[in-house]
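Notes follow once the structure below has been shown.
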Protein chains: 2
Amino acid sequence: MMKRQYPTLAEVAKVAGVSLMTASRAINNRPGVSPEKREDILRIADEMGYVVNRAAQKLTGARTRIIAVVAELHTPFTSDLLLGMGAVARAADYEMLVYSLPVRDRRPPGSILDLLRQIVDGVIVILPYESDYLESMATAHIPVVTIEQGTESVFPSVTADNYQGGLSALQHLIELGHRRIAFISGHDRLTSARDRRRAYHDILAQARLPYDPDLEVDGDFSRKGGFEAAQKLLALADRPTAIFAANDISAYGAIAAIREAGLSVPGDISVVGFDDIPIASQLHPQLTTIRQPLQQMARASVNLLLALVAGLDAPSEQIVLPTQLIVRESTTALKAKRKKEEAVKVGVGR
Amino acid sequence: MMKRQYPTLAEVAKVAGVSLMTASRAINNRPGVSPEKREDILRIADEMGYVVNRAAQKLTGARTRIIAVVAELHTPFTSDLLLGMGAVARAADYEMLVYSLPVRDRRPPGSILDLLRQIVDGVIVILPYESDYLESMATAHIPVVTIEQGTESVFPSVTADNYQGGLSALQHLIELGHRRIAFISGHDRLTSARDRRRAYHDILAQARLPYDPDLEVDGDFSRKGGFEAAQKLLALADRPTAIFAANDISAYGAIAAIREAGLSVPGDISVVGFDDIPIASQLHPQLTTIRQPLQQMARASVNLLLALVAGLDAPSEQIVLPTQLIVRESTTALKAKRKKEEAVKVGVGR
DNA sequence: CGGCCGAACGTTAGCGCTAACGTTCTGTAG
DNA sequence: CTACAGAACGTTAGCGCTAACGTTCGGCCG
């Protein structure tokens, strides 16, 4: 269908009165062409509306200057991450394509890499959860960088420091005087959720606070989950004075439950989230949370990938980027009176 | 780099003891091969891990069974739309790639189509606003379907019926007895925003309600814009009893402002949004709104595109899909007393 | 002034595939 | 028994490009 619309390199070369190869060199900015001729060719190519055919390019084994990102599109941050990656890629004169992974697809899309490697030079895989098919990807002979795969990844990876972020969030609550701190967890399927939970356990130990299994409730990373988890926490005889929710969404669910119970945030209960989703600074109360370094993750992953593409044998690097505590309205110091009570009851931390 | 890892068709053919072309026919499910041989070849190809090289395929002018979607990734619904499109495409044995348009990029990405046509069989363009570069796309010789481009599109297009949706929303308010209805608008840059505004003007005329310019305030499609718009409306001497916000986000902004002013929704003021974003059914109050037929839009656009790809000369079809009024908690009938007052003041509508 | 070197170009082969046309062979009509 | 149609296969050319070699030619050295 519709042929002969775009000129080929051969046609450009003919018009320019040079050989095909000279035109190729000129266009790909390679040595072996005199400056005048190069300029000539480029001008003519432009006038003729020449566009390289990447399919042909790829077929010969050359780079196409396209990268791909494989991601579950509606996961909280993917769109921000992708936007960042696109910008970084474009700045490096690369184009970026996205493959949208079907939601919770059971089938390994290892074949997706088989497809992509025929088109692009490298792939970034955003897989928030551990997956069997990561291994199936190892056989696809194309540079791969993973995001959010934790430190066990076979590929070079970039990830936010979920563990340190969790520590900061909890440290913040402890500094505000809280001793009875609950944790609303996410799916353990997610590497990030596990790291945040680990931070919770470790900080208790570190601050010499007792671990109460009643204070750890599953929140499913969802608003509903957070809501129900908070209800369970509020029903406890000795309810917590602060809650660390594994993500912002469930934090807001918890806040809704707390308010519905006639209590206030942060007056009665302080709440810290994780992620710093955009509305965290707009919804009331503005949420104290942990910000993920999305822009840095985007930049790091693309740069890492491009290095691999360029053949720089970057060792299987694991880049972990720092998170940041953002203090807003949803947390406050434990009231003096209750603080004293707590101190008596629990014993003074560290 | 890394060559000779995947077998080529020629190798498969050799192992199967047939010619290259016979193997090609077998794999592409074309006539001219005996059933036994076909089965044989397919089995061997599978065992050898053969994967068609789409770059080579495309180079010969054949279909690659890949489509692309060009979209601004973080626009409200794109992710839902894309998910739906991906599912439909996969069901038709097509793969789908996404090109993430830089946010409010001034540069025409017409060149993007030049890139994509070398790789895919057709493109869906999601452009919520009118754009000059749509025309620049007309020259790319590849099937294109647009979404949300309104009826002036040069390409076959699929869109939600924003006008009818606006009418339903306002009709709902009128049926509840409201006469003094405000409109919080979006950017006029967006086709959808313009259609919703038009519905507002038309319904006033239709219901013989007076048009009061004070009741039409820009809300920018954002939470903040909705918040500020509502503040202006509340400051009016004769404030509205109902608000139609051009999208859910600004509706929630408006609700926040109303509550901050010590009024209740829907007790004092009813609010209708547009879009039915996921949290509209979760946030308090659950929002009465207009649902966009995203799944249908996804299905229609992909099917339309695949028809074009198949060469069926679908005329430049403009598909407009119906929206749906979802009544939840944010609207209620105007209180009898006030209703009477209003009736006297304004005159009875239609 | 011959020889040699390197920059500037050209030619050839082939990436993996398919369209288009050849070839072979079997069955059947005349 | 010949002719011939049609299914089942094979061969050839070429899609647009680049790697890997040729070729040419001006300049510089001994």
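Computation of the quantities below employed the complete heavy-atom set of this structure, encompassing side-chain atoms and omitting hydrogens, waters and symmetry-equivalent molecules. First the proteins, then the strands, lettered A, B, ... as listed; each starts at 1.
- Protein atom CD of Q57(A) is 13 Å distant from nucleotide atom C1' of dA19(D), rounded to whole Å.
- In terms of polar N and O atoms assigned as donor or acceptor, the side chain of R25(A) comes within less than 3.5 Å of the base of dG10(C) in a complementary pairing.
- At distances below 3.5 Å, at least one donor-acceptor pair connects side-chain atoms of E11(B) with backbone N or O atoms of T8(B).
- Considering only side-chain N and O atoms, T22(A) lies under 4.0 angstrom from the phosphate OP1 or OP2 of dG10(C).
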Test side-chain hydrogen bond (donor to acceptor under 3.5 Å, both in side chains) on D114(A) and Y6(B) and set out the steps. CA-CA 9 Å; D114(A) 288 339; Y6(B) 290 78; 2.5 Å; yes
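- Atom-to-atom, NZ of K14(B) to P of dC9(D) comes out at 20 Å; the value is rounded to the nearest Å.
- Side-chain contact between I147(B) and S157(B): absent, with no pair of heavy atoms (C-beta onward) separated by less than 4.5 Å.
- One can place CG of L20(A) at 15 Å from P of dG14(D), the figure rounded to the nearest angstrom.
- Among the nucleotides dT18(D), dA8(D), dC17(C), the one closest to the side chain of T8(B) is dC17(C).
- dA19(C) atom P lies 13 Å from atom NZ of K58(B), rounded to whole Å.
- Ranking dC17(D), dC9(C), dG10(D) by closeness to the S19(B) side chain, first place goes to dG10(D).
- Phosphate proximity of dC17(D) to Y50(A): present, with a side-chain N or O under 4.0 Å from OP1 or OP2.
- For dT18(C), the OP1/OP2 oxygens have a side-chain nitrogen or oxygen of S24(B) closer than 4.0 Å.
- Counting any heavy atom pair closer than 4.0 Å across all strands shown, K37(B) reaches sugar-phosphate atoms only and no base atom.
- For the pair I27(A) CD1 and dC17(D) P, the computed distance is 8 Å after rounding to whole Å.
- Set against dG16(C), dA8(C), dG16(D), the side chain of T60(B) has dG16(C) as its closest nucleotide.
- H74(B) has its side chain within reach of E72(B): a pair of non-hydrogen atoms, C-beta onward, lies under 4.5 Å apart.
- Between the C1' atom of dA8(D) and the CZ atom of R30(B) lies a distance of 16 Å, rounded to the nearest Å.
- Both S34(B) and L59(B) lie near DNA chain D, and the one whose nearest nucleotide falls closer to the 5' end is S34(B).
- Look at CD1 on I41(A): it is 14 Å from P on dC17(D), rounded to the nearest Å.
- Residue N28(A) places its side chain closer to dT18(D) than to any other of dC17(C), dT18(D), dC9(D).
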Let me see the working for R43(A) and D40(A) under salt bridge (charged side-chain N to carboxylate O under 4.0 Å, His left out), right down to the final yes or no. CA-CA 5 Å; R43(A) 185 178 44 73; D40(A) 234 42; 3.1 Å; yes
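- Candidate nucleotides dT18(C), dC17(D), dC9(D) were compared by shortest atom distance to the side chain of N53(A), and dC17(D) ranks first.
- In this structure, M21(B) atom CE and dA19(C) atom P are separated by 6 Å, rounded to whole Å.
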